[in-house]
Amino acid sequence: MAARTTSLPHSRLRSSKGTAVVGTVTRGTTNPNRLRRMDRWIAAVHGAALRRASDPVAVDLGYGAAPWTAVELLTRLRAAAPRARVVGIEIEPARVAAARPYAREGLVFRHGGFEVPIPERPLLIRAANVLRQYDEDEVAAVWRQLCGRLAPGGLLVEGTCDEIGRRHVWVALGPEGPRTVTFATRLGSLDRPSDLAERLPKALIHRNVPGEPVHAFLRDFDRAWAAAAPYAAYGARQRWMRAVRDLTADWPVADSPARWRQGEVTVDWGALAPRGGQSPN
């Protein structure tokens with residue numbers, strides 16, 4: 001990621017060690033099962049790295065007013081990597097206190113923000129619905145700080161979803177920066193692929209305008225979806241898979257039909273990265 005001068009906001013809160021907590025308090029909205037699509041993808045694409053690690057630590061950053069997403073992340077990761085541990089991190093101390101009764105073997109809760117105040121370098125940081133309230137020009141600094149906390153071979157997954165997890169878009173980043181963008185949906189709720197535009201992460205949501213790559217991608221996806229209408233007779237899944245297959249002619253789709261069947265498609269970040277201005281690269 002290119003050097004940037006944007007600084008991160010520091011909360012007035014202090015950690016138990018007296019250090020500044022980086023970030024601002026979010027609304028804290030959460031629901032059980034909200035992040036299931038993201039979790040399934042993480043387990044599928046990053047599970048092998050978690051299994052290989054001697055101490056695979058994952059962070060649920062900004063889990064919100066209730067700890068459901070951290071509890072679910074532990075369950076889903078352990079299905080792929082039985083030794084995985086999860087640390088839930090929240091910037092609001094009252095939320096940490098409320099979550100601690102849910103701690104168990106492999107799951108703890110800590111007060112903190114983007115500084116990720118744990119001694120280990122995590123192999124996974126998941127930050128869902130956290131950057132939505134920030135300005136676009138703050139994204140690069142957040143990404144840079146979080147990627148700097150990753151262990152070698154680690155993954156940052158940052159994105160946005162609706163309140164019950166039907167539609168979700170996220171960016172996957174390694175220590176070197178952004179790699180891919182994944183669009184995921186409950187296919188039965190989809191009218192057309194561009195419905196996912198409202199859940200674009202902060203780095204992209206203001207770029208869904210003519211002349212920007214993400215706008216062109218969603219336009220082409222809608223066209224492929226319309227052309228695949230005859231496949232709707234076999235179900236929304238078959239229509240989605242046909243539309244994605246057609247997209248591969250012009251866009252660098254990075255996954256396989258096994259993931260398309262889940263109502264997903266992953267595209268190389270470079271194909272969708274913002275043009276001009278201050279890109280979060």
Side-chain angles (χ1 to χ4, degrees), residues 35-52 58 73 76-77 79-81 123-128 143 147 150 153-162 165-190 192-197 199-201 203-204 208 213-225 227-228 231 234-273 280-281:
L35 303 182
R36 61 194 179 279
R37 299 182 195 284
M38 180 184 275
D39 290 351
R40 285 199 300 256
W41 183 88
I42 290 170
V45 306
H46 202 49
L50 292 165
R51 286 192 297 274
R52 288 193 299 267
L73 181 62
R76 290 166 182 152
L77 289 185
L123 201 58
L124 169 71
I125 299 175
R126 185 189 66 182
W143 281 0
C147 286
L150 290 172
L155 191 72
L156 165 63
V157 182
E158 187 271 308
T160 305
C161 69
D162 67 1
R166 292 172 305 175
R167 297 172 185 172
H168 208 154
V169 187
W170 59 81
V171 181
L173 307 92
E176 79 287 355
R179 296 174 177 172
T180 60
V181 184
T182 298
F183 299 79
T185 187
R186 181 180 180 274
L187 291 171
S189 71
L190 193 71
R192 54 184 176 272
S194 61
D195 291 347
L196 286 159
R199 298 301 165 184
L200 287 167
L204 294 173
N208 186 29
V214 71
H215 182 272
F217 172 77
L218 290 171
R219 177 203 64 205
D220 288 357
F221 205 169
D222 278 354
R223 289 174 178 171
W225 179 255
Y231 288 82
Y234 304 102
R237 189 184 313 277
Q238 293 301 318
R239 184 178 183 182
W240 173 272
M241 292 182 68
R242 180 64 199 192
V244 174
R245 190 175 300 279
D246 288 347
L247 273 180
T248 63
D250 299 304
W251 293 92
V253 172
D255 54 3
S256 69
R259 300 312 307 170
W260 306 347
R261 290 186 58 82
Q262 304 300 317
E264 298 172 7
V265 60
T266 297
V267 183
D268 290 345
W269 165 260
L272 302 185
N281 285 30

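In this view, Asn208 satisfies the side-chain hydrogen bond (donor to acceptor under 3.5 Å, both in side chains) rule with no residue, not counting sequence neighbours. Asp250 meets the side-chain contact (heavy atoms from CB on, under 4.5 Å) test with no other residue; sequence neighbours excluded. Here Arg259 pairs with Glu264 under the side-chain hydrogen bond (donor to acceptor under 3.5 Å, both in side chains) rule; sequence neighbours left out. Considering only residues two or more places apart in sequence or on other chains, Arg239 meets the salt bridge (charged side-chain N to carboxylate O under 4.0 Å, His left out) condition with none of them. For Arg179, the salt bridge (charged side-chain N to carboxylate O under 4.0 Å, His left out) partners at least two apart in sequence or on another chain are Glu176. With sequence neighbours excluded, the residues satisfying salt bridge (charged side-chain N to carboxylate O under 4.0 Å, His left out) with Asp246 are Arg242. Not counting sequence neighbours, the partners of Arg223 by the salt bridge (charged side-chain N to carboxylate O under 4.0 Å, His left out) test are Asp220. Legend: residues meeting side-chain hydrogen bond (donor to acceptor under 3.5 Å, both in side chains) with Thr185, ordered by chain and number and at least two apart, are absent. Qualifying side-chain contact (heavy atoms from CB on, under 4.5 Å) partners for Arg52, counting only residues two or more places apart in sequence or in other chains: Ala48, Ala49. Taking the ring pair (Phe, Tyr, Trp, His ring centres under 6.0 Å) definition, one finds that Phe217 meets it with Phe183, Phe221, Trp251, sequence neighbours left out. By the side-chain contact (heavy atoms from CB on, under 4.5 Å) test, Arg36 pairs with Asn33, Arg40, Arg76, sequence neighbours left out. Shown here are the side-chain hydrogen bond (donor to acceptor under 3.5 Å, both in side chains) partners of Trp41, two or more places apart in sequence or in another chain: there are none.
Dense packing is recorded around CZ of Arg219, with more than 12 heavy atoms of other residues, nucleotides or ligands lying under 6.0 Å away.
At least one donor-acceptor pair under 3.5 Å links the side chain of Arg37 to the backbone N or O of Gly165.
Atom CG of Leu196 and atom SG of Cys161 lie 11.5 Å apart (nearest 0.5 Å). Taking CZ of Arg126 as the start and CG of Leu77 as the end, the distance is 8.0 Å to the nearest 0.5 Å. Here the CE atom belonging to Met38 is positioned 10.0 Å from the CG atom belonging to Leu73, to the nearest 0.5 angstrom. If you take CE on Met241 and OH on Tyr234, they are separated by 14.5 Å, rounding to the nearest 0.5 Å.
No side-chain heavy atom of Thr160 sits under 4.5 Å from any side-chain heavy atom of Leu200.
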